[in-house]
Protein chains: 2
Amino acid sequence: MTKKDNHSRGLGRPTMNDVAKTAGVSPVSVSRVINNHPSVKEGTKTLVRNAMQKLGYFPNAAAQAMRTNKTDTIGVIITDIANSANGHILQGAEEVCNNADKLMIATSSGFDINRESQLIDHMQRRRVDGIILQTGHEESEELHQMIKNCTVPIVVLDRDLPFEIDSVKCEHYHAAREAVGLLISLGHRRIGMIAAEMTTRPGHDRVKGYRDELESANIPLDETLIRAGSHLSEHGYHETISLLSSDNPPTALFAGGNHLQIGALKAIKALNKKIPDDLSFIGADEATVSALYTPPITTINRDMRLLGKKAAELLLSRINKSISDEVRNTLLPSEVILRSSCALLKKG
Amino acid sequence: MTKKDNHSRGLGRPTMNDVAKTAGVSPVSVSRVINNHPSVKEGTKTLVRNAMQKLGYFPNAAAQAMRTNKTDTIGVIITDIANSANGHILQGAEEVCNNADKLMIATSSGFDINRESQLIDHMQRRRVDGIILQTGHEESEELHQMIKNCTVPIVVLDRDLPFEIDSVKCEHYHAAREAVGLLISLGHRRIGMIAAEMTTRPGHDRVKGYRDELESANIPLDETLIRAGSHLSEHGYHETISLLSSDNPPTALFAGGNHLQIGALKAIKALNKKIPDDLSFIGADEATVSALYTPPITTINRDMRLLGKKAAELLLSRINKSISDEVRNTLLPSEVILRSSCALLKKG
DNA sequence: CAAAAATTTATATACGTATACACTTAATTT
DNA sequence: AAATTAAGTGTATACGTATATAAATTTTTG
């Protein structure tokens with residue numbers, strides 16, 4: 001019994017050596033069968049395959065990774081995995097990765113900056129071939145450093161970072177302008193704006209679109225109508241309650257985020273206000289509820305699956321070095337879908 | 001220049017040896033610092049830490065895995081990652097894994113049986129410490145074999161398999177009976193049932209609950225009222241259209257699945273039927289829409305996050321061998337949440 | 001102050017795989 | 001038939017880490 005014969009000694013899983021022994025060939029032949037090397041006789045192939053079958057052999061990915069310095073794995077770090085919008089991103093990315101024979105592994109940070117750092121760390125230790133990152137902390141200096149120092153390619157998902165880096169983003173600014181413009185064209189002058197963190201693209205750009213559109217319509221800005229700060233449903237709920245129960249409530253409301261929209265709709269329901277009679281309403285990123293709501297809700301939509309796909313494609317190209325070295329920033333469109341939640345402002 | 005001095009030659013990433021050289025200590029000391037070994041002088045520690053910092057060193061997880069035969073990784077295989085119910089499962093599981101210092105990596109099969117096998121394979125090759133599996137193919141013999149032969153512990157998520165295996169499941173049967181019972185108590189006799197695949201727990205058990213409750217109420221079964229077969233929204237839509245436009249349409253409808261419910265509601269809307277005046281309705285697993293719908297929808301709910309947590313906890317216990325060897329099957333409750341989508345059957 | 005004990009550091013090796021290289025045998029050419 | 005080529009297989013080794021064992025150093029003790 002030789003030194004390396006772990007398996008027959010009952011310790012641990014079968015290795016290439018065990019398979020080789022069982023098949024009566026050398027370990028090299030086993031390796032060649034595994035990797036579909038051309039020069040191996042058909043007879044040997046089946047010999048090896050049978051042995052693998054018999055022993056229940058699985059190649060050890062860690063050993064392979066160490067030897068080849070590749071893992072064929074793409075790591076994805078998402079803020080909130082329970083958000084179905086992110087689910088669609090993951091679905092899109094996974095489809096592309098599958099087709100490229102890469103395993104996509106998804107993790108989520110829960111918007112926790114420490115967790116985010118840990119996950120980038122994890123991915124690097126595991127030597128993933130590349131990372132798709134949706135940070136929840138665009139502004140963190142620490143994170144910028146981590147990203148800059150990262151030893152594997154990163155594609156950033158719908159975030160603005162203050163340095164050059166591959167990214168795929170969605171258009172938020174013009175869509176927000178279009179949404180607000182629609183409300184203005186219906187006669188609304190007091191338009192409430194509920195937004196996510198200003199340190200995050202969807203929050204920042206949508207608020208900017210709101211401001212610019214009002215300005216270009218010569219409507220004086222009332223800062224108290226802008227309620228930015230969190231992407232959470234609770235934020236949408238409380239700020240909507242606050243806005244609608246104020247002395248001079250808005251006649252229209254724009255909720256720039258799927259959870260925010262849910263929260264806002266709950267608040268509107270709780271206050272027993274009717275859309276669009278008491279209040280015109282525009283939401284964002286929430287396809288299902290918007291279509292089914294009574295009345296159906298006008299909303300800004302974007303193709304999250306496409307976002308995931310584009311990010312994965314860009315990352316794979318970067319990994320394969322099949323594109324030039326210069327940084328790529330892809331911008332995907334948003335679309336305003338008109339439904340019946342917006343009405344002409346009633347005079348008086 | 002020695003043989004192993006890769007990094008200073010510019011090839012690849014820094015290793016323990018590079019760090020050791022830079023710090024002026026032996027590789028062993030570096031390893032000890034990494035693993036918080038007690039017996040290492042404070043001065044050496046900082047020396048090593050500075051060197052790691054300077055070189056941008058990251059331990060190679062593959063090498064560690066090979067040496068220690070552990071990966072501190074939990075693999076999760078889910079059917080559909082874009083389904084927010086599954087997102088909540090993942091969230092729950094991830095929380096538990098984080099607290100146990102395990103990295104949870106999520107993948108999804110898209111209900112593709114081949115993909116599912118591949119993923120189990122991937123996980124084994126990568127030597128994850130354990131797998132949480134939500135199969136979309138309870139009935140597949142091939143899959144049963146893969147699961148039985150799997151070399152790492154598996155916890156099955158809300159599925160019935162024809163052999164002993166750790167699992168965490170949700171109660172569907174009694175909740176379905178309760179839902180149908182509620183409709184019966186309101187006078188309904190013709191109750192439509194839209195269900196997912198019969199080869200999957202939520203589909204099978206809910207239909208069984210439906211049948212048994214009707215039987216115990218001495219209501220003759222009309223098989224044409226049962227529309228099982230797919231969890232997809234489209235199935236819910238088409239079967240609802242079909243049911244409601246038949247000669248003898250049901251007066252109440254039970255949609256046993258979140259996507260099915262969405263599809264059914266779309267169909268009801270398309271046919272311009274009013275809930276609950278024209279049709280009483282009960283849904284399942286779709287908290288957001290149900291609460292916001294007009295009228296709010298009575299629904300069967302379950303705690304998906306808890307499902308994920310319990311599965312992860314069971315798996316970790318199994319990995320740590322902190323529980324006895326016997327197979328565990330945890331059953332979590334479902335709950336019927338009463339809202340205003342069900343009404344007394346109008347006579348005549 | 002020598003010796004024993006405790007602490008810290010170093011040497012050597014194994015984990016499982018892929019590949020460069022050498023080797024054997026069979027097939028082809030001269 | 002000898003020489004060349006091709007096809008198939010085997011030997012030896014490196015990847016980066018953790019640890020057993022040994023060695024060196026410092027601290028404690030009689």
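The sequence lines fix the lettering, A, B, ..., with proteins before strands; numbering per chain opens at 1. FYI, side chains are in, hydrogens and waters are out, and symmetry mates aren't considered; it's all heavy atoms of this structure.
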- Item | Length of the CZ-P vector between B:Arg67 and D:dA14, whole Å | 18 Å

- Message: Taking 4.0 Å as the cut-off, does a side-chain nitrogen or oxygen of B:Asn35 come that near to OP1 or OP2 on D:dA18?
- Response: yes

- Item | Separation of atom CG in A:Asn17 from atom P in C:dA14, rounded to whole Å | 13 Å

- Query: Salt bridge or not for B:Asp72 and B:Lys102, using N-O below 4.0 Å?
  - Reply: yes

- Item | Sugar-phosphate or base contact per nucleotide [nucleotides 5-11 of chain C; S, B, -; heavy atom under 4.0 Å] | ---SBBB

- Mind calculating the distance between CZ (A:Arg127) and P (D:dC15) to the nearest angstrom? 14 Å

- Query: Does anything in residues 45-54 of chain A pair up under salt bridge (charged side-chain N to carboxylate O under 4.0 Å, His left out), and if so which pairs, sequence neighbours excluded?
  - Reply: A:Glu42-A:Lys45

- Item | Closest non-hydrogen atom pair between B:Glu138 and B:Pro162, with its separation | O-CD, 4.4 Å

- Which of these passes side chain to side chain donor-acceptor pair (under 3.5 Å) with B:Gln134: B:Asp158, B:Thr200, B:Thr79? B:Thr79

- Message: Check the phosphate of C:dC15 against B:Asn69, side-chain N and O only, distance under 4.0 Å to OP1 or OP2. Yes or no?
- Response: no

- Considering non-hydrogen atoms only, spot the tightest contact between A:Thr73 and A:Thr71 and give its length. OG1-O, 2.8 Å

- Query: Taking only residues at least two apart or on different chains, which pairs with a member in residues 104-148 of chain B satisfy ring-ring contact (aromatic ring centres under 6.0 Å, His included)?
  - Reply: B:Phe111-B:His231, B:His144-B:Phe163

- Which residue lies toward the 5' end of DNA chain D, B:Pro59 or A:His37, if each is placed at its nearest nucleotide? A:His37

- Gap between atoms CE and P, on A:Met66 and C:dC15 respectively (whole Å): 12 Å

- Message: Looking at B:Arg318 and B:Asp166, is any side-chain nitrogen of the basic one under 4.0 Å from a carboxylate oxygen of the acidic one?
- Response: yes

- Message: What's A:Ser31 touching, base or sugar-phosphate or nothing? Going by heavy atoms closer than 4.0 Å.
- Response: base

- Task: Using atom CD of B:Gln64 as one end and atom C1' of D:dC15 as the other, report the distance to the nearest whole Å.
- Result: 14 Å

- Rounded distance (Å) that lies between atom P of D:dG8 and atom NZ of A:Lys45: 9 Å

- Item | Atom-to-atom span, CG of A:Leu47 to P of D:dT9 - whole angstrom | 10 Å

- Task: Nearest whole angstrom, please: distance from the C1' of D:dA12 to the CE of A:Met16.
- Result: 13 Å

